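Reading through the C-alpha cells given below for one structure.
Quantities reported herein were computed from a predicted structural model and do not represent experimental measurements. Every chain is numbered from 1, with letters handed out A, B, ... down the list of sequences.
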There are 2 protein chains.
Amino acid sequence: MAPSIKDVAERAGVSVGTVSNVLNRPDKVSLATREAVLAVIAELGFVRNSQAAQLRAGASRSLGLIVLDLANPFFHDIARGIEDVATELGYALVLCNSDEQAAREERYLRLLEEQRVRGMLITPVEVGSERLDALRRRGTPTVLVDRHDPRIDCCSVAVDDVAGGELAGAHLMASGHRRITYVTGPLALRQCKDRLTGLRRAVADGGADPDEVVDVVEVPALKARIAYEAVRQLFDDGVEPGAVFCANDLLALGVLRAAISTGRRVPDDIALLGYDDIEFAADAAVPLSSIRQPTLHIGRTAAQLLVEECDHPRSHAHQQIMFRPELVVREST
Amino acid sequence: MAPSIKDVAERAGVSVGTVSNVLNRPDKVSLATREAVLAVIAELGFVRNSQAAQLRAGASRSLGLIVLDLANPFFHDIARGIEDVATELGYALVLCNSDEQAAREERYLRLLEEQRVRGMLITPVEVGSERLDALRRRGTPTVLVDRHDPRIDCCSVAVDDVAGGELAGAHLMASGHRRITYVTGPLALRQCKDRLTGLRRAVADGGADPDEVVDVVEVPALKARIAYEAVRQLFDDGVEPGAVFCANDLLALGVLRAAISTGRRVPDDIALLGYDDIEFAADAAVPLSSIRQPTLHIGRTAAQLLVEECDHPRSHAHQQIMFRPELVVREST
DNA sequence: CGAGGTGGCTGAAACGATTCACGCCCCGAG
DNA sequence: CTCGGGGCGTGAATCGTTTCAGCCACCTCG
C-alpha cells in the first residue's frame, strides 16, 4: 500500500532509525545520507503515518472543538480564533458541530476521546454532561467556551452578558428613550436573561423604573422571521415601540423588516439595537447598531489557555475569563 | 496513563483477544465473559484507542473535507449534507477551512493525508493543485465539490450556473423587463461568468438582443458593502436600473440597502433577484427572490459518491454530476 | 468407546513510527 | 601504537489494537 518508513529505508540502503532521524532530527544525520533519504522519500511519495507516530508518542497534537452551531457567525468567529492559535502553536484542530443536540455532542465526545485529542474546547449543550465530566477526570484538559460551570474546576472563557445589556440600556437611555421594548428568545437561556438583567439595571441607574420603562416580548426562537411576525402583531395591536433592543441581531433584522415593510422609519420612528454584531448587521437595509462580542479574541484566548494546560499540566492554574462586550453605533439608533 | 485493552484483560482475567472480541464481535463471546469484561471496561473507564485500531486495520473510517469558506452559507450547507451522510454510513468527517488560501489548503491536505483519511472531498482553491493530484495518484479517493476538472478523472458534483443565469433571465424577461443590470463579482470567477452567459442566453431566447438588454456592473468582491456603494454611484450618475440580477445574495442585500436608503421601492421601482438563496434572503427587509442551489443535496451526493468509491474501489465508476438550480420567487420581483 | 464437531478462549504476529542503547570507524593526543 | 571520544548509524523494543491459527473441554452420534 502506501510506502512506509521501512520501504524508504530499504531503497535508500539505510536503517529505519536513520529515516526517522532524517524526518525528526535532521541535524543528527550526515548531509550525504540525508539527501539520499530525502530523494527516496520524494521518489516514493512517502507520507508519514501520523497514527503510528502518535501511537508511539502516546499523545497527539490535535485539539477537539465542539460548538453548538457553526452556521452561527458568533461560533464561527470563535472557531476561527481558536484555529488560528492552534495552528500557530503547532496543534491541529478537529472541528465538530453538535447542533445543540446532546446525542450528537455525546457522539463527538466519544469520537474525539477515541482519537486521543490532547485537549478539548466545548460549548456544552447543557452544563454538567456526564461524558464531558468523565473525559476531564480521565485527564483530557478541557476549556469551556461561552459558558461557566461553577461546579467543575476548569478553564473557561465567556462574555459578560449583563454588561452587554447595561451597555444597550445606557445607550438607549442616553438617546432619550423612556420606553424600551426588549425582544428576546426564551428567557430560559442564560444569555437572554442576563441581557435583560443588564438592561433593567441600566434603566435603574438612569434614574428610571425598569418596570415602567422595559417591555418584554419573548419569542420562542432566535430567528428573524419569528421576530418579524411578533412585531407585526404588535403593530396590529396598536403598540408603537419607540426603541427596541433585541437579544440578537437576527431578531433585530426581523424587527427591521417589520418596520420597513410597514413604512416606519428607523431610527426616526423606531430606534433599533441588536446584539452580536454579525456581519450582516452592518449591511442591513439600515445598518444596525449592535453590541459586539470579541469573538475572535474569545477563541484565541480559549485556545491559549488550553494549549498552556496541555503543554504545562503541572504548573497550570485554571482561569475563568470574562470578556466585556462593546457598543457599536451605526444608523439604527 | 489511559487504561489499555491489556489492563482490561488482566483485571477481567481474560486474554486481550477476548476483550477485543467483546468490543468488535460480541456474539463470539459467551454471555458471562462478555458481561464481566464490560463491567471492567466501565470500572476502568476504558476508551478504545482508535489510532492503534486504525493502524492495525490499515485504513481509517474518516473522510476529509476542505472547503473555501465555512462562513459562507453555501459551503456550510454542503458540509452539513456531507456530514449527515458520512455519519449515516459510519464515517467520521474532518472539517477544514482553506479560506481560499493555497497555503492553508496545502497544509490541510498534508495533515489529512498523514492522518490517512479514507477519502477526500474538496473545493480546491485552484484546479490542478499538484498536491491534490499526488494524493489522488497515491490512491486516496477524491471528490470535487462545486468544481469540475476535465483533466483529471474523478467524481465531482457541481451546479449548472449557466442554467441558473437562464432561470434568472427568463424570470425577469417574463416580468416584462427589457433592461437588466447584472451586478457581479470578478468575471474571472467561473460562477460569475457562467451566470452572465445564462442570463444573456435567456434574453436571446426571449427574442431580445443581449447587448442591448444586459448591463454589467462588475465589482471587485462578492460583498454587500461593495454592491451598495456601486449602486449608490449608479444612482448618483442618474442611472435607474429597472431590474437587477446579482451574482449572489450578499450583493443583492447591498443593492437592496442602496434602494431602500434612497427611497426607491422594491420591486416597484427596482426588481431585485439574488443567487444562492441564503437564509438571510428570506428575512431581508424585502424578502429576496433568488436562485436556489440544492446545497444539502450536493453535499449528500458528494458524500455518497465518495463512500461508494471507498467501499467498492474495484467496481466504482467515476461520475460527474451536475445539479440544476431552482428559482425562488419572493417579494423583490 | 472413539471420532468428529463446536463453542469459547488464548497468545503471538502484525501495523508503522520513534527511541535508545549500543557498535563501528576514524582521528587526534599522549 | 594505544586509547578515548565524537560522529553516524543500527536494530530491537515499544505503543494498543486486531486477527487468526490453534488449543481445550465438552457434546453428539454411530
Inset, instruction - Classify the nucleic acid contact of Gly17(B) as base, sugar-phosphate or nothing, counting any heavy atom under 4.0 Å across all strands shown. - result: base
Inset, instruction - Check every atom of dC9(C), dT10(D), dG16(C) against the side chain of Ala52(A) and return the nucleotide holding the closest atom. - result: dG16(C)
Inset, instruction - Output the single nucleotide from dT17(D), dA17(C), dG8(C) whose closest atom is nearest the side chain of Ala53(A). - result: dA17(C)
Inset, instruction - Could you tell me whether Val14(B) contacts a base, only the sugar-phosphate backbone, or nothing, with contacts defined as non-hydrogen atoms closer than 4.0 Å? - result: sugar-phosphate
Inset, instruction - Identify, between Ile5(B) and Ala32(A), the residue whose nearest nucleotide on DNA chain D lies closer to the 5' end. - result: Ala32(A)
Legend entry - Residue from Val67(A), Asn72(A), Leu68(A) passing side-chain contact (heavy atoms from CB on, under 4.5 Å) with Leu70(A): Val67(A)
Inset, instruction - Can you tell me the distance, in whole Å, between the NZ atom of Lys28(B) and the C1' atom of dT19(D)? - result: 13 Å
Inset, instruction - Take the protein atom CG of Asp7(A) and the nucleotide atom P of dA17(C), then report the distance between them rounded to whole Å. - result: 9 Å
Inset, instruction - Would you classify Val29(A) as touching base, sugar-phosphate or nothing, given that sugar-phosphate means primed atoms plus P, OP1 and OP2, and contacts are heavy atoms under 4.0 Å? - result: sugar-phosphate
Legend entry - Pairing of Glu130(A) and Arg137(A) as salt bridge, 4.0 angstrom limit: yes
Inset, instruction - Rounded off to whole Å, could you give me the CZ-to-C1' distance for the Arg48(B) and dT18(D) pair? - result: 10 Å
Inset, instruction - Could you check how far CG of Leu55(B) sits from P of dA17(C), rounded to whole Å? - result: 9 Å
Inset, instruction - Find the distance Asn21(A):CG to dA17(C):P and express it as a whole number of Å. - result: 14 Å
Legend entry - Nearest-Å distance for atom pair CD/C1', residues Glu114(B) and dG16(C): 13 Å
Inset, instruction - Indicate, with a heavy-atom threshold strictly under 4.0 Å, whether Ser4(B) touches base, sugar-phosphate, or nothing. - result: sugar-phosphate
Inset, instruction - Look at the side chain of Arg56(B) and the base of dA14(C), then say whether one donor and one acceptor between them are separated by less than 3.5 Å. - result: yes
Legend entry - dT18(C) phosphate, OP1 or OP2, under 4.0 Å from Asn24(A) side-chain N/O: yes
Legend entry - Presence of Ser30(A) side-chain N/O under 4.0 Å of dG9(D) phosphate oxygens OP1/OP2: yes
Inset, instruction - Mind checking Ala57(B) for me? I need base, sugar-phosphate or nothing, with any heavy atom below 4.0 Å counting as a touch. - result: nothing
Inset, instruction - Tell me whether the OP1 or OP2 atom of dG8(C) has a side-chain N or O from Arg34(B) closer than 4.0 Å. - result: no
Inset, instruction - Check whether any side-chain heavy atom of Arg107(A) lies under 4.5 Å from a side-chain heavy atom of Thr87(B), and answer yes or no. - result: yes
Inset, instruction - In plain terms, say whether Arg80(A) and Asp77(A) are close enough for a salt bridge, that is, a side-chain N and a carboxylate O under 4.0 Å apart. - result: no
Legend entry - Whichever of Asp27(B) and Arg116(B) has its nearest DNA chain C nucleotide further upstream toward 5': Asp27(B)
Inset, instruction - Indicate yes or no: does Asp27(B) engage Arg25(B) in a salt bridge with an N to O separation below 4.0 Å. - result: no
Inset, instruction - Would you name the heavy atoms of Ala92(B) and Leu111(A) that are closest together and state the gap between them? - result: CB-CD2, 3.6 Å
Inset, instruction - For Lys6(B) and dA12(C), give me the distance from atom NZ to atom P, rounded to whole Å. - result: 12 Å
Inset, instruction - Measure from CZ on Arg25(A) to C1' on dG7(D) and round the result to the nearest Å. - result: 15 Å
Legend entry - Below 4.0 Å: OP1/OP2 of dT10(D) and any side-chain N or O of Thr18(A): yes
